[in-house]
Participant: 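One structure, as structure tokens, below. Some questions next.
What you see below is based on every heavy atom in this structure, not just the backbone, and it leaves out hydrogens, waters and symmetry mates. Here is how names work: the chains are called A, B, and so on, in the same order as the sequence lines, proteins then strands, and each is numbered from 1.
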2 protein chains.
Amino acid sequence: MILSTYNKEDKVLLAVDCIIFGFLKDELKILLVQRDFEPEKGKWSLIGGFLKKEENLDKAAIRILHHLTGLKNIYMEQVYTFSKVDRDPAERTISVAYYALIDIATHDEKILKQNPIQWFNLKNAPKLIFDHNRMVEKAIARLRRRALSKPIGFELLPDKFTMRQLQKLYEAILDSKLDKRNFINKFNSFDILIKLDEKDMSSSKKGAYLFKFDQEKYNRKVEDGFNFKI
Amino acid sequence: MILSTYNKEDKVLLAVDCIIFGFLKDELKILLVQRDFEPEKGKWSLIGGFLKKEENLDKAAIRILHHLTGLKNIYMEQVYTFSKVDRDPAERTISVAYYALIDIATHDEKILKQNPIQWFNLKNAPKLIFDHNRMVEKAIARLRRRALSKPIGFELLPDKFTMRQLQKLYEAILDSKLDKRNFINKFNSFDILIKLDEKDMSSSKKGAYLFKFDQEKYNRKVEDGFNFKI
DNA sequence: CCAAAAGTGTTGCGATTACACCCATGC
DNA sequence: GCATGGGTGTAATCGCAACACTTTTGG
């Protein structure tokens with residue numbers, strides 16, 4: 001029933017849980033924390049926290065991520081709100097899931113200073129508390145859809161990257177093999193990468209050219225109705 | 001800060017607002033209510049209510065829709081959670097938006113018994129309270145994406161419908177003209193409709209064949225990896 | 001000199017698009 | 001008999017997928 005004041009309505013705890021994706025050595029990873037409080041103390045969990053009265057959810061997600069990893073200016077996006085009545089046995093809690101994309105290679109030192117948090121390969125991540133595994137699934141589905149329609153992967157790669165790295169990233173996100181030539185041809189046809197004179201020598205004798213994402217050009221193209229589509 | 005009990009955390013009001021889509025006379029419509037309480041009394045608003053402690057959000061959305069329209073067994077889906085600090089001037093409220101799809105032709109009598117609610121053409125709907133217009137936008141975007149990848153429109157049409165009605169529905173959702181022959185050819189290629197012997201005589205002298213959606217066949221196809229794609 | 005990864009184009013096929021005429025009937 | 005909406009097929013084009021060999025160089 002709606003009342004003319006809201007006084008009689010139930011209030012609830014609103015949590016934010018973050019599915020933090022990273023990419024390293026051709027593998028998609030997620031960052032997990034070992035819970036240091038009851039219930040489920042010691043178990044692996046998504047990084048989370050509670051919404052405060054004076055902030056919106058986006059801000060809360062940014063604050064929680066920053067607090068537990070030290071990272072700022074990270075791409076985040078709301079995924080879904082989970083509300084099963086007994087999802088948290090301690091108390092009725094609604095949780096809004098956000099996913100974040102992190103370039104591990106550039107940020108790893110910062111993150112791993114924090115103790116009880118750890119990267120897991122997505123494929124062999126542990127069982128998580130509550131409904132966190134479902135949250136991860138939803139976030140992956142979302143990431144996948146996003147990757148097909150936006151050049152989202154750049155958030156997960158260093159500033160300079162090789163075509164092969166980019167391809168491996170898409171393969172990890174989409175969980176399928178892609179053809180090398182077709183992938184490169186398609187990406188080049190978008191014309192949103194800058195080919196550098198530099199080479200990355202770490203993965204082969206011949207060396208592989210490095211590329212950068214041309215954000216400006218991409219934005220202009222989007223405004224002109226360009227549609228990214230892998 | 002996460003504490004070992006949640007006692008110190010802020011609690012908030014959690015609302016559910018419903019973007020209710022209908023389709024009649026080739027037009028996509030939304031159902032709105034004139035608010036009968038402060039703040040913003042008398043203004044047009046989405047149909048909404050508050051989450052109760054003992055229900056999850058899906059249940060709350062169903063309850064709220066049923067309470068204000070009398071309808072049951074309606075397709076609903078969570079869209080997004082809105083949390084701007086001052087979105088509701090009366091009190092800090094977070095709102096989870098759901099969209100619903102209703103076949104107006106079949107259900108209209110029930111709905112219009114209720115007094116202060118009314119269908120509006122999407123194109124000339126009034127300005128809504130709070131951030132409700134943004135909610136509608138998000139819901140449309142979601143509906144659009146959904147319509148491209150699932151035969152979602154059947155929720156919006158009567159049990160029996162003509163090809164032309166189906167096409168007009170897609171045109172309304174996608175906000176673009178479609179070619180008559182291409183549309184029918186594509187839809188027939190999916191093979192998920194049952195052509196009836198009956199004709200609808202209301203729109204032309206010749207009459208147009210009626211079709212039904214073959215839910216069973218569709219489900220079987222989806223299980224076999226079929227991918228609906230307009 | 002050879003192993004290992006990088007780089008590079010072409011072709012066939014299937015899907016999408018564009019397009020125009022006859023049909024049935026109520027008035 | 002004519003105006004109105006219903007119904008139907010084909011050809012041209014485009015985008016996607018499949019595919020193999022040469023280059024470079026550290027060891």
Side-chain angles (χ1 to χ4, degrees), chain A residues 24-27 144 147-149 151 157-158 160-172 174-212 221 225-230, chain B residues 24-27 144 147-149 151 157-158 160-172 174-212 221 225-230:
Chain A
L24 198 67
K25 303 228 181 90
D26 300 352
E27 300 270 11
R144 220 163 257 173
L148 291 169
S149 63
L157 290 175
K160 301 170 181 181
F161 51 86
T162 67
M163 277 302 205
R164 193 49 52 89
Q165 282 177 288
L166 186 59
Q167 183 186 340
K168 291 290 180 188
L169 171 60
Y170 271 87
E171 290 183 344
L174 302 177
D175 194 25
S176 66
K177 279 252 165 280
L178 300 174
D179 178 88
K180 177 169 56 160
R181 275 177 291 188
N182 289 340
F183 181 82
I184 290 175
N185 286 161
K186 164 150 312 178
F187 233 100
N188 281 340
S189 76
F190 296 150
D191 188 26
I192 54 174
L193 296 183
I194 301 165
K195 185 175 187 171
L196 305 177
D197 283 332
E198 260 173 287
K199 281 190 166 191
D200 168 75
M201 303 305 294
S202 67
S203 66
S204 77
K205 333 246 156 122
K206 187 178 177 183
Y209 280 105
L210 287 166
F211 291 78
K212 288 178 78 161
K221 279 174 176 264
F226 165 72
N227 230 333
F228 182 94
K229 189 82 205 303
I230 281 287
Chain B
L24 196 69
K25 303 229 180 91
D26 301 354
E27 299 270 10
R144 219 164 258 171
L148 291 169
S149 64
L157 290 176
K160 302 170 180 182
F161 51 86
T162 67
M163 277 303 205
R164 192 50 51 90
Q165 281 177 287
L166 186 58
Q167 182 186 343
K168 290 289 181 190
L169 173 60
Y170 271 87
E171 290 183 345
L174 301 177
D175 194 25
S176 66
K177 280 251 165 281
L178 301 174
D179 178 88
K180 178 168 59 161
R181 275 177 291 189
N182 290 340
F183 181 82
I184 290 174
N185 287 161
K186 165 147 313 177
F187 232 101
N188 282 338
S189 76
F190 297 149
D191 186 28
I192 53 174
L193 295 183
I194 301 166
K195 184 173 187 170
L196 305 177
D197 283 333
E198 260 174 284
K199 281 191 166 191
D200 168 75
M201 303 306 294
S202 66
S203 66
S204 78
K205 334 249 154 117
K206 185 179 178 183
Y209 280 106
L210 288 166
F211 290 78
K212 287 179 79 160
K221 279 174 175 267
F226 165 72
N227 231 334
F228 182 94
K229 191 81 205 305
I230 282 286

Participant: Nearest whole angstrom, please: distance from the C1' of D/dG6 to the NZ of B/K168.
Facilitator: 13 Å
Participant: With heavy-atom distances below 4.5 Å as the criterion, would you say the side chains of A/K168 and A/Q165 are in contact?
Facilitator: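 Side-chain contact under 4.5 Å: no.
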Participant: Side-chain contact test, heavy atoms from C-beta onward, threshold under 4.5 Å: evaluate it for A/F211 versus A/M163 and give yes or no.
Facilitator: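 When only atoms from C-beta onward are counted, A/M163 and A/F211 do touch, with a gap below 4.5 Å.
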Participant: Nearest-Å distance, NZ (A/K180) to C1' (D/dA18)?
Facilitator: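 It is 14 Å, rounded to the nearest whole Å.
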Participant: Could you check whether the rings of B/F228 and B/F187 sit parallel, tilted or perpendicular, using 30° and 60° as the cut-offs?
Facilitator: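 Because their plane-to-plane angle is over 60°, the rings of B/F228 and B/F187 count as perpendicular.
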Participant: Could you check how far CD of A/Q167 sits from P of C/dG7, rounded to whole Å?
Facilitator: 11 Å
Participant: Could you tell me the separation between the CG atom of B/D179 and the C1' atom of C/dA15, rounded to a whole number of Å?
Facilitator: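 It works out to 15 Å between those atoms.
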Participant: To the nearest Å, give me how far apart NZ (A/K205) and C1' (C/dC1) are.
Facilitator: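 Between C1' of C/dC1 and NZ of A/K205: 12 Å.
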Participant: Which nucleotide wins on minimum distance to the side chain of B/R181, given the candidates C/dC19, D/dA20, D/dA18?
Facilitator: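 When the side chain of B/R181 is considered, C/dC19 is the closest of C/dC19, D/dA20, D/dA18.
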Participant: Is the ring pair B/F183/B/Y170 parallel, tilted or perpendicular, if the boundaries are 30 and 60 degrees?
Facilitator: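 Ring orientation, 0 to 90° scale: tilted.
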Participant: May I have the distance from A/K229 (atom NZ) to D/dC16 (atom C1'), rounded to whole angstrom?
Facilitator: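 Distance check: A/K229 NZ to D/dC16 C1' gives 11 Å.
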Participant: Within the structure, does a side-chain N or O atom of A/K186 lie under 4.0 Å from either OP1 or OP2 of D/dC16?
Facilitator: yes
Participant: Could you state the CG-C1' distance from B/N182 to D/dT8, rounded to the nearest angstrom?
Facilitator: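 Roughly 12 Å, once rounded to whole Å.
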Participant: At 4.0 Å (heavy atoms only), tell me whether A/K195 reaches a base, stays on the sugar-phosphate, or touches nothing.
Facilitator: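 Touches sugar-phosphate only.
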Participant: Any side-chain N or O of A/R164 less than 4.0 Å from the OP1 or OP2 oxygen of C/dA6?
Facilitator: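 For C/dA6, OP1/OP2 do have a side-chain N/O of A/R164 under 4.0 Å.
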Participant: For the side chain of A/I184, counting heavy atoms from C-beta on, which of C/dT8, C/dA5, D/dG5 is nearest?
Facilitator: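 Nearest to the side-chain atoms of A/I184, counting from C-beta on, is C/dT8.
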Participant: Measuring from the side chain of B/S204 (C-beta onward, heavy atoms only), which nucleotide among D/dG6, C/dG7, C/dG26 has the closest atom?
Facilitator: D/dG6
Participant: Hey, are the side chains of B/D200 and B/K160 touching, using non-hydrogen atoms and a 4.5 Å cut-off?
Facilitator: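 Result no, sub-4.5 Å side-chain heavy-atom pair not found.
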Participant: For B/Y209 and A/K199, find the nucleotide of DNA chain D closest to each by heavy atoms; which residue's nucleotide sits nearer the 5' end?
Facilitator: B/Y209
Participant: Could you please name the option among C/dA5, D/dG5, C/dG7 that lies closest to any side-chain atom of A/S203?
Facilitator: C/dA5
Participant: In whole Å, what is the span from the CE atom of B/M201 to the P atom of D/dT4?
Facilitator: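 Going from CE in B/M201 over to P in D/dT4 covers 17 Å.
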Participant: Between A/N185 and B/K206, just flag the one whose closest nucleotide in DNA chain C comes earlier from the 5' side.
Facilitator: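 Its nucleotide being nearer the 5' end, the pick is A/N185.
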